[in-house]
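Here the structure is a predicted model, which is why all the values come from computation and not from measurement. Numbers restart at 1 for each chain; the letters A, B, ... are given by sequence-line order, proteins then strands.
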Protein chains: 2
Amino acid sequence: MNHSRQRDLIMDYLSGTKSHPTAEEVYENVSRVEPNISLGTVYRNLKLLSDNKMIIRIHTQDGVDHFDADTRDHYHFYCTKCGRVYDLEMDMSATVRKLVREASEVTDCRVEGCMIYFHGICNNCEPTRG
Amino acid sequence: MNHSRQRDLIMDYLSGTKSHPTAEEVYENVSRVEPNISLGTVYRNLKLLSDNKMIIRIHTQDGVDHFDADTRDHYHFYCTKCGRVYDLEMDMSATVRKLVREASEVTDCRVEGCMIYFHGICNNCEPTRG
DNA sequence: TTAAAATCAGTAACCATTACTGATTTTAAG
DNA sequence: CTTAAAATCAGTAATGGTTACTGATTTTAA
């Protein structure tokens with residue numbers, strides 16, 4: 001993977017936000033810096049970067065993928081109302097290990113891991129606390 | 001929701017299999033009994049049935065949805081090689097409640113639940129046990 | 001400096017799914 | 001049983017996120 005101005009800009013934008021943008025949102029924002037960039041380039045580089053484990057691709061219920069430059073072990077909350085994705089700063093590594101172990105016991109398949117997606121209504125859509 | 005021969009056939013087929021078929025697979029199988037059924041009808045009824053909680057829609061990593069007539073609380077294993085979906089007969093209700101409680105503590109969002117998807121290589125693709 | 005490899009912008013194609021059409025079937029009241 | 005409104009159908013076009021293709025441009029490394 002060579003360097004390219006476009007890919008660097010995409011990576012820079014993703015690294016500087018915690019909003020877990022979609023490909024379309026990445027395109028809109030990078031376009032402000034590099035107006036000639038094309039949507040195809042954004043998709044291709046998001047695919048390249050996620051295939052190379054430099055960013056995380058987050059599948060959501062509405063079928064639109066979101067992206068995250070934070071590759072540390074952490075979890076996500078998906079708002080079923082607005083579709084936004086939020087970080088959850090909690091350590092679940094022990095729980096995940098336990099789940100994988102338990103799952104391995106009830107199947108002949110080789111369980112390599114599990115994805116955990118939290119969902120509900122975000123504080124922005126329906127504020128509940130001051 | 002009235003009755004219709006087509007919807008009953010789709011429901012019957014789903015109830016009689018544990019293979020978690022895709023819309024295309026449902027279409028292929030129901031077509032053997034009702035050759036005139038159209039793919040659009042299958043999609044429309046799968047949507048109707050899942051919207052009415054009579055079946056479960058399972059999102060998978062490859063972007064193709066799978067369906068399950070078993071609406072009991074249970075979990076799924078997705079094979080990253082062949083794309084098949086398997087049931088996991090394990091009781092995780094206590095773990096899920098704990099996770100939701102923990103997640104609620106680290107966010108202002110209203111956490112309503114979480115989806116847990118296991119993945120790996122199935123015994124059909126790479127046999128490991130007799 | 002230069003040529004091969006990688007990447008680009010632009011756009012067409014892909015594919016799962018949904019929406020639209022006029023015809024047919026189902027339901028429920030008379 | 002009729003019969004008319006509502007639901008559903010088959011067939012097909014449209015949608016929308018994503019990927020693939022093109023010839024031109026940029027990057028890399030010798």
Original post:
So what's the dot-bracket for DNA chain D: Watson-Crick or G-U pairs under 3.5 Å, [ ] if a pair crosses, | if it pairs off-strand?
Top reply: ||||||||||||||||||||||||||||||
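- Checked by atom type, the side-chain pair A/N123/A/Y86 shows no donor-acceptor distance below 3.5 Å.
- At a threshold of 4.5 Å between side-chain heavy atoms, the hydrophobic network of Ile, Leu, Val, Met, Phe, Trp and Tyr places A/Y75 and A/M115 in two separate groups.
- Proximity of a side-chain donor or acceptor of A/D91 to a complementary backbone N or O of A/S93 within less than 3.5 Å is detected.
- Nucleotide D/dT28 holds its P atom 12 Å from the CE atom of A/M1, rounded to whole Å.
- We find that CD1 of B/I37 is positioned 11 Å from C1' of D/dT8, with the value rounded to whole Å.
- As rounded to whole Å, 10 Å separates atom C1' of C/dA16 from atom CZ of B/F67.
- For A/R57 and D/dT19, the CZ to C1' distance is 10 Å, given to the nearest whole Å.
- Between A/F118 and A/H76, the closest side-chain pair of non-hydrogen atoms is not below 4.5 Å.
- Note that the SG atom of B/C82 and the CD atom of B/E126 stand 10.5 Å from one another [nearest 0.5 Å].
- B/D87 and B/H20 are linked by a side-chain donor-acceptor pair at a separation below 3.5 angstrom, with hydrogens and angles left out of the test.
- Counting only distance, with no hydrogens or angles, the side chain of B/E25 and the backbone of B/T22 share a donor-acceptor pair below 3.5 Å.
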Original post:
What string of B, S and - do you get for nucleotides 22-30 of chain C, 5' to 3', if B is base contact, S is sugar-phosphate-only contact and - is no contact with any protein heavy atom under 4.0 Å?
Top reply: ----SS---
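- Remark: side-chain polar atoms of B/R7 are not paired, donor with acceptor, to backbone N or O of B/L49 under 3.5 angstrom.
- Rounded to whole angstrom, the span from the CD atom of A/E34 across to the P atom of C/dA9 amounts to 7 Å.
- Within 6.0 Å of CE in A/M54 there are 12 or fewer heavy atoms belonging to other residues, nucleotides or ligands.
- Within residues 41-54 of chain A, the residues having any heavy atom under 4.0 Å from DNA chain C are, by residue number, A/T41, A/R44, A/N45.
- With rounding to whole Å, B/N36 atom CG is found 13 Å from D/dC9 atom P.
- Whole-Å rounding puts the A/L39 CG to C/dA13 P distance at 17 Å.
- Ion pairing between B/E105 and B/R101 fails under the 4.0 Å rule for side-chain N and carboxylate O.
- Spacing between atom OH of B/Y27 and atom C1' of C/dA16 amounts to 15 Å, rounded to whole angstrom units.
- When all heavy atoms of A/A69 and A/M11 are compared, the closest pair comes out as CB-CE, 4.4 Å.
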